[in-house]
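Hydrogens, waters and symmetry mates are skipped; everything else that's a heavy atom, side chains included, is used. All values reported here derive from a predicted model rather than from experimental measurement.
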Amino acid sequence: MSTASLRRDHELIEKVVKAMDATIQLLNENKKIPESILLPVIDFSKNFTDVCHHSKEENSLFPALEQAGLPKNMGPIAMMLIDHERSREIAANMESSAKEYLSSGDSEKLISDMKQYVEHITEHLWKENNRLFMMAEARLQYVAQKVDGELNEIEAAKLKDLGKSRQHYEDLAENLTRDVAEQGN
């Protein structure tokens with residue numbers, strides 16, 4: 001199945017988004033959020049979600065869909081590319097506001113940026129899971145093995161460039177979930 005790897009990514013991303021949502025709640029309750037939680041959130045958002053996951057879609061899935069007849073400049077692919085760019089913008093804003101929060105303690109902008117990221121990514125994942133991936137499964141069934149191989153190669157290359165592994169990000173998601181829960185106690 002040509003979207004299995006991407007769906008696994010989504011499960012991991014959703015786990016971190018839930019931790020981010022819990023972090024927003026803690027910030028709203030004026031709880032101090034340590035660097036040990038905020039920096040992994042930024043790392044995950046910028047590096048796993050964008051560099052690794054979005055690269056897999058942009059460099060393999062979308063070109064395969066384009067070859068299967070979906071235009072790149074309009075429709076689902078164009079919308080996903082716009083969403084990816086917006087994700088990058090929000091993640092950059094979130095990184096900046098996290099640094100500001102860590103130095104000043106002012107959480108207003110961080111809360112706003114994190115909310116925006118959570119809402120955007122949640123909506124984006126829904127569109128991919130319930131629309132784009134269904135189209136991909138139908139259109140790419142004859143090249144699924146090729147696309148699967150490309151997705152795995154891209155992930156391995158991007159993670160190698162980052163000096164990280166998938167296991168690193170799976171552990172990061174688990175640790176964030178635990179650490180955020182502990183902050184609430």
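By the 30° and 60° cut-offs, the orientation of the rings of F44 relative to Y169 is perpendicular.
Shortest non-hydrogen contact noted between A64 and L140 is O-CD2, 3.5 Å.
Among residue pairs with one or both ends in residues 10-19, those qualifying as salt bridge (charged side-chain N to carboxylate O under 4.0 Å, His left out) are K15-E174; sequence neighbours excluded. Sequence neighbours left out, the pairs with a member in residues 117-126 that pass salt bridge (charged side-chain N to carboxylate O under 4.0 Å, His left out) are E123-K127. Among residues at least two apart or in separate chains, side-chain hydrogen bond (donor to acceptor under 3.5 Å, both in side chains) pairs with a member in residues 175-184 are N175-R178. Sorted by first and then second residue, the salt bridge (charged side-chain N to carboxylate O under 4.0 Å, His left out) pairs with a member in residues 42-70 read D9-K56, D43-K164, K46-E95, D50-R88, K56-E155, E58-R88; sequence neighbours excluded. Among residue pairs with one or both ends in residues 23-37, none qualify as side-chain hydrogen bond (donor to acceptor under 3.5 Å, both in side chains); sequence neighbours excluded.
Checked against salt bridge (charged side-chain N to carboxylate O under 4.0 Å, His left out), E89 has the following partners two or more places apart in sequence or in another chain: R86. Among residues two or more places apart in sequence or in another chain, the side chain to side chain contact (heavy atoms under 4.5 Å, CB included) test is passed with R139 by L65, A68, L70. Checked against ring pair (Phe, Tyr, Trp, His ring centres under 6.0 Å), Y117 has no partners two or more places apart in sequence or in another chain. The side chain to side chain contact (heavy atoms under 4.5 Å, CB included) check on P63 picks up nothing, with sequence neighbours excluded. Partners of S97 under the side-chain hydrogen bond (donor to acceptor under 3.5 Å, both in side chains) rule, at least two apart in sequence or in another chain, are D113. Remark: D106 engages S104, E108 in a side chain to side chain contact (heavy atoms under 4.5 Å, CB included) (not counting sequence neighbours). The ring pair (Phe, Tyr, Trp, His ring centres under 6.0 Å) search around F62 returns H84, not counting sequence neighbours.
Looking at heavy atoms from C-beta onward, H54 lies in side-chain contact with S87 at the 4.5 angstrom threshold. Residues H53 and H10 meet the side-chain proximity criterion, which asks for heavy atoms closer than 4.5 Å. Inter-residue side-chain proximity for D83 and H120 is flagged as met; some heavy-atom pair is nearer than 4.5 Å. A 4.5 Å side-chain heavy-atom check between S5 and D148 finds every atom pair outside the cut-off. Between L81 and K72, some side-chain heavy-atom pair lies under the 4.5 Å cut-off. For the pair V143 and Q67, the minimum side-chain heavy-atom distance is 4.5 Å or more.
To the nearest 0.5 angstrom, L176 atom CG is 11.0 Å from D171 atom CG. Taking CG from L26 and CD1 from I111, the interatomic distance works out to 10.0 Å, rounded to the nearest 0.5 Å. Atoms CG and CE, from L27 and M114 in turn, are 6.5 Å apart once rounded to the nearest 0.5 Å. Interatomic distance, CG of L38 versus CE of M94, reported as 9.0 Å (0.5 Å rounding). Distance check, rounded to the nearest 0.5 Å: CD1 of I77 to CG of L61 gives 7.5 Å. The CG atom of L172 lies 10.0 Å from the CG atom of N47; values are rounded to the nearest 0.5 Å.
At a threshold of 4.5 Å between side-chain heavy atoms, the hydrophobic network of Ile, Leu, Val, Met, Phe, Trp and Tyr places V17 and L6 in two separate groups. Hydrophobic clustering (ILVMFWY, side-chain heavy atoms < 4.5 Å, transitive): L102 and I24 are in one cluster. By the criterion of side-chain heavy atoms lying less than 4.5 angstrom apart, applied directly or through intervening Ile, Leu, Val, Met, Phe, Trp or Tyr residues, V16 is grouped together with L110 in one hydrophobic cluster. In terms of hydrophobic clustering, with Ile, Leu, Val, Met, Phe, Trp and Tyr side chains grouped at heavy-atom distances under 4.5 Å, W126 and M20 are assigned to different clusters. Under the 4.5 Å side-chain contact rule for hydrophobic residues, V51 and I154 do not share a cluster.
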Practice problem: For side-chain contact (heavy atoms from CB on, under 4.5 Å), just list the numbers for L132 and M79, CA-CA rounded to whole Å, side-chain angles, deciding distance to a tenth of an Å, and then say yes or no. | Solution: CA-CA 10 Å; L132 183 71; M79 289 304 301; over 6 Å; no
Quiz prompt | CA sep, side-chain torsions, deciding dist, call: N59, E150, side-chain contact (heavy atoms from CB on, under 4.5 Å) | solution = CA-CA 8 Å; N59 297 325; E150 287 175 354; over 6 Å; no
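Residue-environment remark: NZ (K99) stays at or below the threshold of 12 foreign heavy atoms within 6.0 Å.
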